[in-house]
Amino acid sequence: MTVSPSRSPSRGDRWTFLTNHARVLLHIARDPGVRLRDVAASIGITERATQAIVADLEAAGYLSRTRVGRRNRYTVDPTVSLRHPSEAGHPVGDLLDTFLHREEPRAGGTARPGEGEERETSAP
């Protein structure tokens, strides 16, 4: 039996199109009250990994964090460009809109999130 390198039994079902960074950002953009513990459980990674990803996203400018009581409030900046050189001309808001638009159909005449304003969400 010959197995092609792209579909080897050891790798065939383990990869996905979205990274954990994209998944964490989508969760934060989607749910203003989400806790990082809940994000981690939903994605299937540890809470510590989720915290590290949020720190990466904050350092890269994709989101900012403000302490509100015992919780954090995050603001997602949809204007920041994607990191890979082949996608650098596209803002992260395009990616967010692709997934969030499917979940929340907009009313006639209202702007989609990311059109001229930042997304604001909460998370611990």
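Side chains are part of it too, since the values below use all heavy atoms of this structure and drop only hydrogens, waters and symmetry mates. Sequence positions, counted from 1, serve as the residue numbers for this chain.
- Residues passing the side-chain hydrogen bond (donor to acceptor under 3.5 Å, both in side chains) test with His90: none are found, sequence neighbours excluded.
- To the nearest 0.5 Å, atom CG of residue Leu96 and atom CG of residue Leu26 are 5.5 Å apart.
- In this structure, OG1 on Thr50 lies 10.5 Å from NE2 on His21, to the nearest 0.5 angstrom.
- The structure places CD1 of Ile43 at 11.0 Å from CG of Asp38, a figure rounded to the nearest 0.5 Å.
- When each of Val24, Val39, Leu25, Asn72 is tested with Val54 by the rule side-chain contact (heavy atoms from CB on, under 4.5 Å), just one qualifies, namely Val24.
- Nearest approach of Val68 to Arg73, heavy atoms of both residues: CG2-CB, 3.8 Å.
- To the nearest 0.5 Å, atoms CD (Gln51) and CD1 (Ile45) are separated by 10.0 Å.
- Applying the side-chain hydrogen bond (donor to acceptor under 3.5 Å, both in side chains) test to Asp94 and every residue at least two apart in sequence or in another chain returns nothing.
- The nearest pair of heavy atoms linking Thr16 to Leu18 is OG1-O, 3.0 Å.
- Here the shortest heavy-atom pairing between Gly61 and Val80 reads O-CG2, 3.3 Å.
- Here the CZ atom belonging to Phe99 is positioned 8.5 Å from the CZ atom belonging to Arg23, to the nearest 0.5 angstrom.
- Under the salt bridge (Lys or Arg N to Asp or Glu O under 4.0 Å) criterion, Glu47 pairs with Arg37, not counting sequence neighbours.
- Distance check, rounded to the nearest 0.5 Å: CD1 of Ile28 to OG1 of Thr75 gives 11.0 Å.
- Side chain of Tyr62 to backbone of Pro78: no donor-acceptor contact under 3.5 angstrom is found.
- There is a side-chain donor-acceptor pair under 3.5 Å between Ser86 and His84.
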